[in-house]
Amino acid sequence: MKKSIRVFSPASVSNVGPGFDLMGFALNGIGDEIEVSLSNKSGIKITKITGDNGKLPYDTEKNTATVAIKSLLAKHKIKVGLEVKISKKMGIGSGLGSSAASAVAGVAAVNELLELNLTRYQLLEHAIEGEMIASGALHADNIAPCLFGGFVLVRGYNPIDIIQIDYPKNLFCTIVYPQIEIKTCEARKILDKKIDLKNAVAQAGNAAGLITGLLTKDFSLISRSIVDWIAEPKRASLIPCYHEVREAALQNGALNCNITGSGPSMFAFSNSKLRAEAIGIAMKKAASKKRLESKIYISKINDKGPVVLK
Ligand code: HSE
């Protein structure tokens with residue numbers, strides 16, 4: 001048995017327009033790295049956190065990674081001493097599933113280190129526990145794509161039902177990450193608890209349209225279906241450059257442009273790398289007009305989920 005293991009787990013785009021709490025996809029290149037080591041001392045200890053600007057808690061009851069790990073160990077009645085090192089390679093409160101990446105990396109690393117051979121469904125329930133600490137609500141639209149990879153539909157929560165959706169292989173995603181922080185728990189509080197019947201109908205139509213568009217590789221259908229009638233109208237005001245960024249993306253050939261998760265990052269799909277790059281330049285320029293520094297990421301959908309690093 002190994003004494004130590006390092007796992008990378010990816011950032012993710014969630015909601016994807018009409019899929020509030022239901023849809024997400026994993027990204028390449030950005031995410032979290034976690035190292036879990038066996039220890040002689042009992043219990044779990046976080047020994048190092050880097051890349052977080054001091055924002056993340058060392059308290060294992062409050063850190064998403066260790067909450068997820070503890071939940072897994074408790075369920076399977078495993079008593080072991082563990083040391084955890086977390087290396088954030090993505091922004092916190094970015095809308096790109098930062099807490100999900102930590103929670104998934106934690107349970108994936110422990111599964112591998114202790115050779116538990118748990119299925120992704122078995123890991124999912126514990127990763128969700130970690131996510132709940134951060135967002136204060138049960139939602140799996142970052143956890144599931146981060147853990148399963150690819151484009152994921154959370155068809156239902158009771159019981160949880162994860163469907164992996166095929167998608168066009170030339171689908172590119174451009175992300176602008178304005179350098180402000182939005183806490184998911186705060187961005188959920190501003191949402192209406194009840195929705196209009198006409199908005200529910202529009203949302204269901206778009207959700208069905210988006211899934212059909214992905215499966216049939218119909219870019220025009222994807223483009224007109226990525227519209228959110230529930231969360232985005234409420235959250236747009238939290239992002240000072242929302243309208244400018246969206247307009248810039250659309251003018252440069254994006255299929256559409258939306259908030260990812262609870263923001264502030266926004267994403268735009270397009271059908272080529274060149275177009276994705278042009279959209280990125282335009283989005284960044286639009287954010288800077290509102291005096292917001294931003295980072296740009298370009299990624300295809302990541303099919304892998306968490307990976308063990310050598
Ligand atoms: N579906 C969640 C929300 C994702 O929009 O609140 C948060 O990252």
Side-chain angles (χ1 to χ4, degrees), residues 9-27 30-32 55-56 64-65 67-68 88 90-105 124 127-148 151-158 160-163 165 173 175-178 180-195 199-200 203-204 206-207 210-211 226-239 242 256-267 297 299 302:
S9 108
S12 49
V13 165
S14 56
N15 295 341
V16 203
F20 177 73
D21 279 1
L22 301 179
M23 293 184 208
F25 59 89
L27 295 166
I30 27 175
D32 271 9
K55 287 182 189 161
L56 294 180
T64 59
V67 167
K88 294 297 298 179
M90 62 180 296
I92 296 163
S94 57
L96 296 170
S98 163
S99 46
S102 288
V104 167
L124 184 72
I128 286 175
E129 292 291 322
E131 172 79 306
M132 277 178 72
I133 287 288
S135 73
L138 190 153
H139 63 91
D141 50 337
N142 289 108
I143 291 282
C146 178
L147 185 57
F148 286 67
F151 191 106
V152 165
L153 166 68
V154 185
R155 204 275 314 151
Y157 279 86
N158 194 18
I160 195 145
D161 190 3
I162 305 298
I163 320 285
I165 304 292
C173 176
I175 289 161
V176 64
Y177 168 25
I180 52 174
E181 184 178 338
I182 293 179
K183 287 196 164 65
T184 299
C185 52
E186 300 299 327
R188 291 182 81 89
K189 280 185 199 151
I190 64 169
L191 301 180
D192 291 338
K193 299 291 169 283
K194 292 188 174 164
I195 54 171
N199 285 349
Q203 193 87 347
N206 283 329
L210 174 56
I211 297 297
I226 306 191
V227 181
D228 176 10
W229 287 95
I230 294 178
E232 196 152 328
K234 299 278 166 191
R235 289 172 170 173
S237 63
L238 302 176
I239 307 169
Y242 171 85
N256 216 322
C257 178
N258 300 78
I259 300 173
T260 157
S262 53
S265 296
M266 296 173 67
F267 79 99
Y297 304 108
S299 174
N302 166 0

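Just so you know, ligand 1 is whichever comes first in the structure, and atom 1 is the first atom listed for that ligand. What you see is a predicted model, and the numbers here were worked out from it, not measured in a lab.
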Visitor: What atoms in ligand 1 come closer than 4.0 Å to a heavy atom of N142?
Guide: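 So the atoms of ligand 1 that pass are 4 (C), 7 (C), 8 (O).
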
Visitor: Taking only heavy atoms of D141, which atoms of ligand 1 are found under 4.0 Å from at least one of them?
Guide: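 Every atom of ligand 1 under 4.0 Å from some heavy atom of D141: 1 (N), 2 (C), 4 (C).
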
Visitor: Answer side chain, backbone, both or neither: which part of T184 comes under 4.0 Å from ligand 1, heavy atoms only.
Guide: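 The part of T184 near ligand 1 is the side chain, not the backbone.
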
Visitor: Should you measure from each heavy atom of D21, which atoms of ligand 1 turn up under 4.0 Å away?
Guide: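 By the 4.0 Å cutoff, the relevant atoms are 1 (N), 2 (C), 3 (C).
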
Visitor: For ligand 1, which atoms, with element, lie under 4.0 Å from some heavy atom of N15?
Guide: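 Numbered from 1, ligand 1 contributes 1 (N), 2 (C), 3 (C), 5 (O).
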
Visitor: Go through ligand 1 atom by atom and flag the ones less than 4.0 Å from a non-hydrogen atom of F20.
Guide: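 So the answer, numbered in order with elements, is 3 (C), 5 (O), 6 (O).
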
Visitor: Would you give the length of the straight line joining atom CE of M90 to atom OG of S12, rounded to the nearest 0.5 angstrom?
Guide: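 If I round to the nearest 0.5 Å, the distance is 7.0 Å.
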
Visitor: Check the pair N15, N258 against side chain to side chain contact (heavy atoms under 4.5 Å, CB included), reporting the backbone distance first and the verdict last.
Guide: CA-CA 9 Å; N15 295 341; N258 300 78; over 6 Å; no

Visitor: Output, in order, the C-alpha distance, side-chain angles, deciding distance and verdict of side chain to side chain contact (heavy atoms under 4.5 Å, CB included) for H139 and F20.
Guide: CA-CA 9 Å; H139 63 91; F20 177 73; over 6 Å; no

Visitor: Can you tell me how the ring of F25 sits relative to the ring of F267, calling it parallel under 30°, perpendicular over 60° and tilted otherwise?
Guide: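 Geometry flag for F267 against F25: perpendicular rings.
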
Visitor: Which option, E232, H139, R188, R235, owns the non-hydrogen atom nearest atom 7 (C) of ligand 1?
Guide: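 That would be H139.
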
Visitor: Please confirm whether S14 comes under 4.0 Å of ligand 1, counting heavy atoms of the residue only.
Guide: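 Right, S14 reaches ligand 1.
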
Visitor: Within the structure provided, determine whether D32 and V104 are in side-chain contact (heavy-atom separation under 4.5 Å).
Guide: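 In short, these two side chains do not touch, never coming nearer than 4.5 Å.
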
Visitor: If you compare all heavy atoms of K234 against all heavy atoms of L191, which two are closest, and at what distance to 0.1 Å?
Guide: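 Heavy atoms of K234 and L191 come nearest at CB-CD2, 3.9 Å.
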
